[in-house]
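Only one structure is covered here, and it is reproduced in the block below.
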Number of protein chains: 2
Amino acid sequence: MSAEQEIPKRTEISELGEFALIDQLTKDFKIHHSSTLKGIGDDAAVIRQEDQCTLITTDMMIEGIHFDLAYFPLKHLGYKSIISNLSDIYAMNGIPEQVVVSIAVSNRFSVEALDVLYEGMKLACDEYKVDLVGGDTTASLRGLVISITAIGKQQEQKISYRSGAKPGDHIFVSGQLGAAYLGLQLLEREKQVYLSTPGIQPNLEDQKYLVGKFLKPEAKKETIYWFDKAGIVPTSMIDLSDGLSSDLMHICKQSKVGAELVEQLIPMHIDVKMMALKFHMDPLTCALNGGEDYELLMTFSPHDSEKARLLPELYYIGEIKEASFGVQLKGTSGKLHELKAQGWKHF
Amino acid sequence: MSAEQEIPKRTEISELGEFALIDQLTKDFKIHHSSTLKGIGDDAAVIRQEDQCTLITTDMMIEGIHFDLAYFPLKHLGYKSIISNLSDIYAMNGIPEQVVVSIAVSNRFSVEALDVLYEGMKLACDEYKVDLVGGDTTASLRGLVISITAIGKQQEQKISYRSGAKPGDHIFVSGQLGAAYLGLQLLEREKQVYLSTPGIQPNLEDQKYLVGKFLKPEAKKETIYWFDKAGIVPTSMIDLSDGLSSDLMHICKQSKVGAELVEQLIPMHIDVKMMALKFHMDPLTCALNGGEDYELLMTFSPHDSEKARLLPELYYIGEIKEASFGVQLKGTSGKLHELKAQGWKHF
């Protein structure tokens, strides 16, 4: 009777990790339509319709895995859940236009609580001019599940894939790094204080920048706007959700290239440096491995790089190399260090 | 510290029901793009690009709410999860071309189990010629969550909305009804037998039709194909996921019309009639209120109805009336009975 008992061998999901698991599950799927320019493996899928392409990306967030409602206000959660999907469309150099939102909720949640969640989503939809065009609302046995699909568009020749970086291209990032990670550390610490001494209210007023970067991140629509204004298209692009090291490795792997980052060029806010020291952490580690910054990481040809350097809030941080070079960081002393990808911690 | 405590009033989700909840949550969202022809409220959203439109629909399935792995083999679950989304695209008279699939799984599931789930999805993708173009794979604290978005296309003038039915239009259904509901009842009964006497294997061999309609339903791509061949477009259409009564009411509400169904015209397989009697149920109740048949319910103008009657597996079951008529069933005696929508049972 039990359907699960029919499967003899057992490999734990944690043995594979996220990306190997996706490869394993989807390797036999065929593409049936020539209009499907890009399927699995980038920030978004690309479907051609005449000259214009449709971009599609999706994300699922699970309570207790991706967010903790003890310190994540529902309104911010709604906002961030939209933002993280729009960020994937921008990471293709695309313009997001629609979203569909599915949620599963247990009866622990009231209608008023869901109203607050959707208020945050609406704020993001208005701010980024995207239309909520559908979804599904269903019950869950426990906890909140949010699944969002974002749809965007761009002309075929302006789409930036992860696979287009070439040796000699210059690497840029759209903003300062590491803040979201430290914001999360602060909130986790306050939660522990609160749990051990209920009634104590946290004082995070002087850490608005770090906490704000975690609780209310923005997607980089201005960055895409400036590229268009300047008439330049990144040779490759990805959004920073896992961290600079991991995400740069995605670009290098898919472009079959190496990369050299320069330590003193990696942009960090003064609050990141101060708080990292307070936590006895290396600020550079926070900038390299802290996730959820939702900045864009991209490469430009040396020719376009000259224009890119003139754009607001765009930081040159290194150069694409041959694959044999690997992915390395040049320290302040000039010494090279190999970069490592972060693991997948959810399983 | 607790984000949930900030919300003063508490209305239970069960007080509203699914459709009122969706209305409540989404009523303040604005549409920013003129290309968004249809947002929330039909089987799929419609986005115009030149003459061609993109159709988008999404569904979320939760273990313990929408399926029970005790009797739902993972391969069938994968197949059905794709089918139920494609059905929503067909219900717009559209052609599905892509899907994105997100899953959340606990460590109870092995890689091999997920492989079997995706094998079922692949079967459906190959059978219906749709491309898997993306998704998200993440951890859950408990149970399996599947969220799928399907993307399709159709020319603007060929799209069938729920809102286009006119008094005098003829009502059709694409196949026999009630089987999926009875298939589920059979499986539930066998599960109870199995739980009380472990080791006993169920014998469902002679009920392949009913069980198959529940475990491995098909979406009605042929129906859409025949409409195109015959050069007819339904004035309204919906897929039967909640049941004939409920889904006809969606059409009537959105088209601002009434309807009369004729009891003896409602198509039922002989196995449905036999099994309903065995369960001491009225077969008609199964056909009217049993969900998950994934047949299409549509209306045609009297002119197109003549052609529709010639198409394979298309059953004429009644007529659209003025709104003041309500939604009624004409019994075998000629007497009219008001139809009632089924409630939302998940909360």
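Chain A is the first sequence line, chain B the second, and so forth, proteins listed ahead of strands; every chain is numbered from 1. All heavy atoms count here, side chains included; hydrogens, waters and symmetry mates do not.
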(request) Examine whether an atom of B/L141 lies under 4.5 Å from a heavy atom of chain A, and if so say whether it belongs to the side chain, the backbone or both; otherwise answer neither. (result) both
(request) Examine whether an atom of B/V100 lies under 4.5 Å from a heavy atom of chain A, and if so say whether it belongs to the side chain, the backbone or both; otherwise answer neither. (result) side chain
(request) State, to 0.1 Å, how close A/Y118 and B/F29 come at their nearest heavy-atom pair, and which atoms those are. (result) O-CZ, 3.4 Å
(request) Can you measure from CE (B/M60) to OG (A/S140) and round to the nearest 0.5 angstrom? (result) 9.5 Å
(message) Other residues, nucleotides and ligands only: do more than 12 of their heavy atoms fall within 6.0 Å of NZ on A/K75?
(response) no
(message) B/Q98 vs A/S35, test: side chain to side chain contact (heavy atoms under 4.5 Å, CB included). Steps then yes/no.
(response) CA-CA 10 Å; B/Q98 289 89 12; A/S35 58; 4.1 Å; yes
(message) Measuring from atom CG of B/L132 to atom NZ of A/K30, what distance do you get when rounded to the nearest 0.5 angstrom?
(response) 13.0 Å
(request) With side chain to side chain contact (heavy atoms under 4.5 Å, CB included) as the test, would you mind laying out the steps for A/D28 and B/E119 before giving the verdict? (result) CA-CA 9 Å; A/D28 294 329; B/E119 226 177 90; over 6 Å; no
(message) Just so I understand: if I count every heavy-atom pair under 4.5 Å between each of B/V130, B/T57, B/T26 and chain A, which residue has the most?
(response) B/V130
(message) Given heavy-atom pairs under 4.5 angstrom as the criterion, report whether the side chain, backbone, both or neither of B/L117 touches chain A.
(response) neither
(message) Under 4.5 Å from any heavy atom of chain B, what part of A/I62 do you find: side chain, backbone, both or neither?
(response) side chain
(request) Quick one: which of A/D126, A/I22, A/L77, A/V145 has the most heavy-atom pairs under 4.5 Å with chain B, could you say? (result) A/D126
(request) Working to the nearest 0.5 Å, report the span between OG of B/S106 and CD1 of A/I65. (result) 9.5 Å
(message) Ignoring hydrogens and geometry beyond distance, is a side-chain donor-acceptor pair present between B/E12 and A/N107 at under 3.5 Å?
(response) no
(message) Minimum heavy-atom separation for A/R10 and B/R108, please, with both atom names.
(response) NH1-O, 3.0 Å
(request) With the side chain counted from C-beta on, respond yes when B/M61 and A/T138 share a heavy-atom pair under 4.5 Å apart, and no when they do not. (result) no
(request) May I ask you to decide if B/H33's main-chain N or O and A/D131's side chain share a donor-acceptor pair within less than 3.5 Å? (result) yes
(message) Does any part of the side chain of A/M121, heavy atoms only, come nearer than 4.5 Å to the side chain of B/L25, both counted from C-beta?
(response) no
(request) Measure distances from B/V101 to the heavy atoms of chain A and classify the residue's part below 4.5 Å as side chain, backbone, both or neither. (result) neither
(message) Within this structure, what is the OG1-CG distance for the pair B/T58 and A/D136, rounded to the nearest 0.5 Å?
(response) 7.0 Å
(message) I want to check something: taking the side chain as every heavy atom from C-beta on, are A/T149 and B/I56 in contact at a cut-off of under 4.5 Å?
(response) no
(message) For the backbone of B/T11 and the side chain of A/E112, can you confirm whether one donor and one acceptor N or O come within less than 3.5 Å of each other?
(response) yes
(request) State the CD1-CZ distance between B/I13 and A/F109, to the nearest 0.5 angstrom. (result) 8.5 Å
(message) For the residue pair B/T36 / A/E97, report whether a side-chain donor-acceptor contact shorter than 3.5 Å exists.
(response) no
(message) Just verifying a value: how many Å separate B/K9 NZ and A/D115 CG, rounded to the nearest 0.5 Å?
(response) 10.0 Å
(message) Within the structure provided, determine whether B/V111 and A/L21 are in side-chain contact (heavy-atom separation under 4.5 Å).
(response) yes
(message) Taking every non-hydrogen pair under 4.5 Å, which of B/G64, B/C125, B/G41, B/G143 racks up the most with chain A?
(response) B/C125
(request) Please state whether the side chain, the backbone, both or neither of B/I40 comes within less than 4.5 Å of a heavy atom of chain A. (result) both
(request) Identify the residues of residues 42-49 of chain A whose heavy atoms come closer than 4.5 Å to a heavy atom of chain B, ordered by number, or report 'none'. (result) A/A45, A/I47, A/Q49
